[in-house]
Amino acid sequence: MSSSNKPVLGIIGGSGLYQIDGLTDVSWRRVSSPFGETSDEFCFGRIGDQPVVFLPRHGRGHKIPPSELNFRANIDALKRSGVTDILSVSAVGSLREDLPPGTFVVVDQFVDRTFARVKSFFSAGLVAHVSMAKPTCSRLGDAVMAACEGLDIKVVRGGTYLVMEGPQFSTLAESKMYRQWGCDVIGMTNMPEAKLAREAEICYASVSMVTDFDCWHPDHDAVTVDQVIAVLLGNAGKARGVVKNIAPLVSQHTALCRAGCQTALEHAIMTSPDARDPAMVEKLSAVAGRVLKR
Ligand SMILES: CSC[C@H]1O[C@H](OP(=O)(O)O)[C@H](O)[C@@H]1O
Ligand SMILES: Nc1ncnc2[nH]cnc12
């Protein structure tokens with residue numbers, strides 16, 4: 001296995017972030033995937049010398065709801081585009097008084113409560129189990145923190161993101177229960193995105209931008225889209241600043257990630273070579289080609 005890497009930064013823009021500024025050599029192109037259609041064309045470009053691939057998660061115009069996102073196509077096509085590091089930018093509700101709207105949380109854990117999504121690239125004919133103990137990349141998380149410096153952002157390192165199915169917001173009982181579980185923020189999209197990035201051996205970090213206090217908060221009867229959008233508009237400019245600043249930091253990621261994200265499949269595949277379904281092997285040529293080709 002080669003111990004070096006040519007970093008390509010992938011940005012998955014969430015609600016409110018449908019394009020990014022400051023890219024040069026820009027071209028929007030559809031990338032095909034055996035897993036189906038991606039949310040939109042990808043925007044290829046560069047920030048300085050760093051190649052960047054941007055995908056608006058819900059499509060330009062926000063057309064696809066969380067449960068209908070084709071997470072597998074998105075991650076597979078990012079892998080096919082050479083992406084080594086994914087920065088996910090997401091709007092979230094806060095489950096803590098000390099994380100008010102406007103705060104950016106570089107989350108490092110997830111509780112996955114989604115139930116209507118395909119969560120793995122692997123299935124009958126090719127079985128694999130990757131570790132999700134540490135679902136985000138600490139090296140990329142360090143870069144996000146450094147990228148926030150000087151941008152007048154209240155940023156917190158670490159936190160647990162509860163991923164709900166949606167599209168409705170939580171009931172009061174659910175919101176209170178998630179607080180008791182020790183979760184910090186709530187959203188609808190980072191799973192199975194983070195699981196699939198791990199299976200595809202791509203480093204993944206999520207900057208979660210708090211837009212509201214969810215419904216548990218005494219001053220905050222219910223979450224409304226109006227409220228979320230008002231805060232989002234304020235946050236999107238700051239998120240673009242983070243993207244601009246992180247690109248030169250990711251360009252230094254020329255050695256493989258020491259946290260192991262980029263070698264996650266090394267001991268994960270269970271199916272013996274002679275029992276593997278050739279069609280599955282072909283379908284997984286981008287995601288798992290590194291370990292399947294041997
Ligand atoms: C517009 S509020 C609900 C919506 O926003 C978040 O999406 P994203 O993570 O892509 O920013 C949340 O998860 C919901 O999908
Ligand atoms: N309160 C909330 N619950 C779920 N997803 C969200 N996205 C933004 N705010 C949210």
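Whatever order the structure lists ligands and atoms in, that order sets their numbers, starting from 1.
If you take CG on Leu78 and CD1 on Ile86, they are separated by 5.0 Å, rounding to the nearest 0.5 Å. Atom OG in Ser175 sits 10.5 Å away from atom NE2 in His217 (nearest 0.5 Å). Of the inter-residue distances, the one linking Leu292 atom CG with Leu126 atom CG reads 5.5 Å to the nearest 0.5 angstrom.
Both tests do not hold together for Arg198 against Tyr204: distance to the six-membered ring centre under 6.0 Å, angle to the ring axis within 45°. For the pair Arg60 and Trp28, the distance from NZ or CZ to the six-membered ring centre is under 6.0 Å and the angle to the ring normal is within 45 degrees.
With respect to the salt-bridge test (charged N to carboxylate O, under 4.0 angstrom), the residues Arg157 and Asp108 do not qualify. For the pair Glu201 and Arg290, the salt-bridge criterion is met [side-chain N within less than 4.0 Å of a carboxylate O].
Of the polar atoms of Gly187, none of the N or O atoms is found under 3.5 Å from an N or O of ligand 1, judged by distance alone. Between His62 and ligand 1, a contact under 3.5 Å exists for no N or O pair. Where the criterion is an N or O separation shorter than 3.5 Å, residue side chain and backbone included, Gly14 fails it with respect to ligand 1.
When every heavy atom of Ser33 is checked against every heavy atom of Ala73, the shortest pair comes out as OG-CA, 3.8 Å.
For atom 8 (C) of ligand 2, the nearest non-hydrogen atom of the protein is Thr211 OG1, 3.4 Å. Atom 5 (O) of ligand 1 has its closest protein heavy atom at Ser15 OG, 2.8 Å. The shortest contact between atom 10 (C) of ligand 2 and any protein heavy atom is with Gly93 N, 3.4 Å. Summary of contacts: the protein heavy atom closest to atom 7 (N) of ligand 2 is Ala91 O, 3.4 Å. Nearest protein heavy-atom contact of atom 10 (O) of ligand 1 is His58 NE2, 2.6 Å. What sits closest to atom 9 (O) of ligand 1 on the protein, heavy atoms only, is Thr189 OG1, 2.6 Å. Among protein heavy atoms, atom 3 (N) of ligand 2 sits closest to Phe169 CD2, 3.5 Å. For atom 14 (C) of ligand 1, the nearest protein heavy atom (residue, atom name, distance) is Met188 SD, 3.7 Å. From the protein, the heavy atom lying nearest to atom 3 (C) of ligand 1 is Phe169 CE2, 4.2 Å. Protein heavy atom at the shortest distance from atom 5 (N) of ligand 2 is Gly187 CA, 3.5 Å.
Heavy-atom contacts of Met164 reach the following atoms of ligand 2: 4 (C) (cutoff under 4.0 Å). Within the listing of ligand 2, atoms 4 (C), 5 (N) sit less than 4.0 angstrom from a heavy atom of Met188. Ligand 1 places these atoms under 4.0 Å from at least one heavy atom of Pro66: 15 (O). Those atoms of ligand 2 with a heavy atom of Val223 less than 4.0 angstrom away are 1 (N). Within ligand 1, the atoms closer than 4.0 Å to a non-hydrogen atom of Ser90 are 9 (O), 11 (O), numbered from 1 in the order shown. Against a heavy-atom cut-off of under 4.0 Å, Val228 is close to the following atoms of ligand 1: 1 (C), 2 (S).
Side-chain contact annotation: Arg57 with Ser88, donor-acceptor N/O pair under 3.5 Å present.
The shortest side-chain heavy-atom distance between Pro56 and Leu17 does not fall under the 4.5 Å cut-off. Taking the side chain as every heavy atom from C-beta outward, Lys283 and Asp76 never approach each other to under 4.5 Å.
Between Phe42 and Phe44, the angle of the ring planes lies from 30° to 60°, which puts this pair in the tilted group.
For Ile186, heavy-atom contacts with ligand 2 shorter than 4.0 Å involve the backbone as well as the side chain.
Atom 9 (N) of ligand 2 has its nearest heavy-atom neighbour, among Asp212, Thr189, Asp214, Val210, in Asp212. Between atom 8 (P) of ligand 1 and the options Gln227, Met209, Arg57, the minimum heavy-atom separation is to Arg57.
Aromatic rings from Phe71 and Phe35 are positioned such that their centres are separated by 6.0 Å or more.
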